[in-house]
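Along the sequence shown, residues carry numbers from 1. Model, not experiment: these values are computed from the prediction. When a ligand or atom number is given, it counts from 1 through the structure's own listing order.
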Amino acid sequence: EAKARGRSRHEFHSESLSERARERLALEADLRRAIAEGQFELHYQPKVGLGDAHIVGAEALLRWKHPERGMVPPDRFIPVAEDCGLIVPIGTWVLQQACAAAAAWNRERPAGDPLRIAINLSPRQFMNHDLVQTVRDALDASACRPEWIELEITERLLLDERNQAEDILNGLRALGLTLAIDDFGTGYSALGYLTRYPIGTLKIDKSFMRDITTRPDRAGIVRAIILMGHSLKLGLVAEGVETEEQAAFLREQGCELAQGWLYGRPMPPQAFGEHVAARITPAVPAPLLPA
Ligand code: C2E
Ligand code: MG
Ligand code: MG
Ligand code: MG
C-alpha cells in the first residue's frame with residue numbers, strides 16, 4: 001500500500017488502484033455504522049497448558065458480520081480501522097466486552113483457578129488517548145479483576161517513538177494486568193525492549209509452527225525463543241498449533257502454553273463457556289444415587 005502510494009502519477013490513476021481506494025472508502029463507511037448497528041462479535045479461542053491441555057484462558061478475536069459481505073476477516077478490516085482511527089472506539093468496545101465475559105466466567109470458577117482472557121491492542125490506541133483510563137473503566141464496569149486480563153501488543157508499538165508506549169505500558173502494568181508480545185519473532189528483533197518494558201509473556205508467531213517438525217532452521221528459531229524467554233523469566237505461548245507433532249516438539253522444548261486449531265477454533269462466547277464447562281472434571285466424583 002505505502003509502496004503503491006509512492007509510485008509514479010500515471011500508475012496512481014490506474015484502474016486497479018482507484019478501484020482499491022473506492023473499495024477502502026466503502027469499507028470505512030460501513031465500519032462507521034458497524035458498532036452502532038451491533039455487527040461486531042467477539043469470539044474466544046482457548047489457550048491451553050501443553051502438559052495436559054487444560055484450558056487456562058482464551059484470546060478474544062474480533063469478528064465483523066457485514067450485512068451484505070458476510071464475515072469480513074480482521075486482517076481485511078483492522079488495517080482500515082487503524083488508518084481512519086475507528087480502531088479506538090472499536091477497541092474500547094472490545095475491552096468492555098472481553099472484561100465483562102472474563103468477569104462472568106471467573107465468577108463461576110473455584111478460587112485459585114482463574115481463566116485469563118487476552119485482548120489485542122492496536123498501536124493506534126496508544127496515541128493521544130487515555131488508554132489506561134479506558135482499561136480501568138472497562139474493568140470497573142464489570143467488576144473484572146486485572147489478573148483475569150492479558151493485553152497483547154506488537155513489536156511495532158514498542159519501536160514507534162511517536163506514541164507514549166512506555167508510560168502507558170507502565171500504567172497498564174500498575175493496574176495489575178499482564179502484557180504479552182504478540183506475533184513474536186516476525187518484527188524487528190530489537191530485543192533490548194524486552195527488558196525496557198514490563199512484558200510478561202511472548203507469543204511465538206504461528207508462522208514458525210508450520211514447518212517446525214520438518215525444517216531444522218525453523219525449529220532452531222523456536223528453540224532459541226523458548227530459551228530466551230525462560231532466561232528472561234517470561235511466559236511463553238505458541239500460536240497456531242495445529243498438530244500433535246507440533247505440540248510434542250513444543251512440550252519437549254519446555255514451552256508452557258499453546259493456542260491453535262488442535263485445541264479449539266475461535267468460538268462465540270456461549271460456545272466457549274460450554275467448552276470450558278465440558279472440560280471441568282469435578283474434584284470429587286458425584287455421589288451415586290441410591291437405587
Ligand atoms: P493474532 O492476535 O495473532 O491472532 C491469532 C490469529 O491466528 C487469529 O486470526 C486466529 O484465528 C488465528 N489462528 C489461531 N489458531 C490457528 C491455527 O492453529 N492455525 C492458523 N492457521 N491460524 C490460527 P484472526 O482471528 O483472523 O485475527 C487476525 C489478527 O487480527 C489477529 O492476529 C490480531 O492481530 C488482529 N485482531 C483480531 N481481533 C482483534 C481486536 O480485537 N483488536 C485488534 N487491534 N486486533 C485484532
Ligand atoms: Mg493476538
Ligand atoms: Mg499472534
Ligand atoms: Mg497476528
Atoms in ligand 1 with a heavy atom of P266 nearer than 4.0 Å
11 (O)

Subset of ligand 1 atoms that lie under 4.0 Å from at least one heavy atom of Q45:
14 (C), 15 (N)

Distance (rounded to the nearest 0.5 Å) between E150 CD and N120 CG
10.5 Å

Going by an N to O cut-off under 4.0 Å, is there a salt bridge joining R69 and E23?
yes

Does G240 have a non-hydrogen atom less than 4.0 Å from ligand 1?
yes

Say whether E239 and ligand 1 are in contact under the criterion: heavy-atom distance to a ligand atom below 4.0 Å.
yes

I want to confirm something. Looking only at heavy atoms, which of I87, L42, I78 is nearest to atom 36 (N) of ligand 1?
I78

Could you tell me whether R124 and E82 make a salt bridge, using a distance below 4.0 angstrom between a side-chain N and a carboxylate O?
no

Atom SG of C84 and atom CG of L31: how far apart are they, to the nearest 0.5 Å?
6.0 Å

Partner residues of E108 under the side-chain hydrogen bond (donor to acceptor under 3.5 Å, both in side chains) criterion, sequence neighbours left out:
none

Value rounded to 0.5 Å, distance of CG in D205 from CZ in R210:
9.0 Å

Decide whether an N or O pair under 3.5 Å exists between D182 and ligand 1.
yes

Would you say ligand 1 has an N or O under 3.5 Å from any N or O of D183?
yes

Numbered in order shown, the ligand 1 atoms found under 4.0 Å of a heavy atom of V94 are 41 (O)

For Y44 and W105, take the angle between the two ring planes, folded into 0 to 90°, and tell me which bin it lands in: parallel under 30, tilted 30 to 60, perpendicular over 60.
perpendicular

If the Mg ion (ligand 2) is the vertex, what is the angle to OE1 of E152 and OD2 of D182, rounded to 10 degrees?
90°

Pull out every atom of ligand 1 sitting under 4.0 Å from any heavy atom of E59, numbered as shown with elements.
1 (P), 2 (O), 4 (O)

Pair E256 + K47: basic N to acidic O under 4.0 Å:
no

Check this for me: does any side-chain nitrogen of one of E28 and R24 sit under 4.0 Å from a carboxylate oxygen of the other?
no

Using a 4.0 Å cutoff against the non-hydrogen atoms of S122, which atoms of ligand 1 qualify?
44 (N)

Looking at the Mg ion (ligand 3), which N/O/S atom of E239 is the nearest one?
OE2

Quick one: does R63 get within less than 4.0 Å of ligand 1, heavy atoms only?
yes

Heavy-atom pair with the smallest gap, counting every atom of L50 and C255:
CD1-O, 3.2 Å

Heavy atoms of R63 and P74 approach each other most closely as NH1-CG, 3.5 Å

Between W64 and F77, what is the ring plane arrangement, given parallel below 30°, perpendicular above 60°, and tilted in between?
perpendicular

To which of E242, K203, R124, R265 does the heavy atom nearest atom 19 (N) of ligand 1 belong?
E242

Of the N, O or S atoms in E59, the one nearest the Mg ion (ligand 2)
OE2

Can you tell which part of D75 has a heavy atom less than 4.0 Å from ligand 1: side chain, backbone, both or neither?
side chain

Heavy-atom distances under 4.0 Å decide this one: backbone, side chain, both or neither, for H43 against ligand 1?
neither

Can you tell me if an N/O/S atom from D183 lies under 2.8 Å from the Mg ion (ligand 3)?
yes

Please determine whether any non-hydrogen atom of G91 lies less than 4.0 Å from an atom of ligand 1.
no

Give yes or no for whether the N/O distance cutoff of 3.5 Å, strictly under, is met between P74 and ligand 1.
no

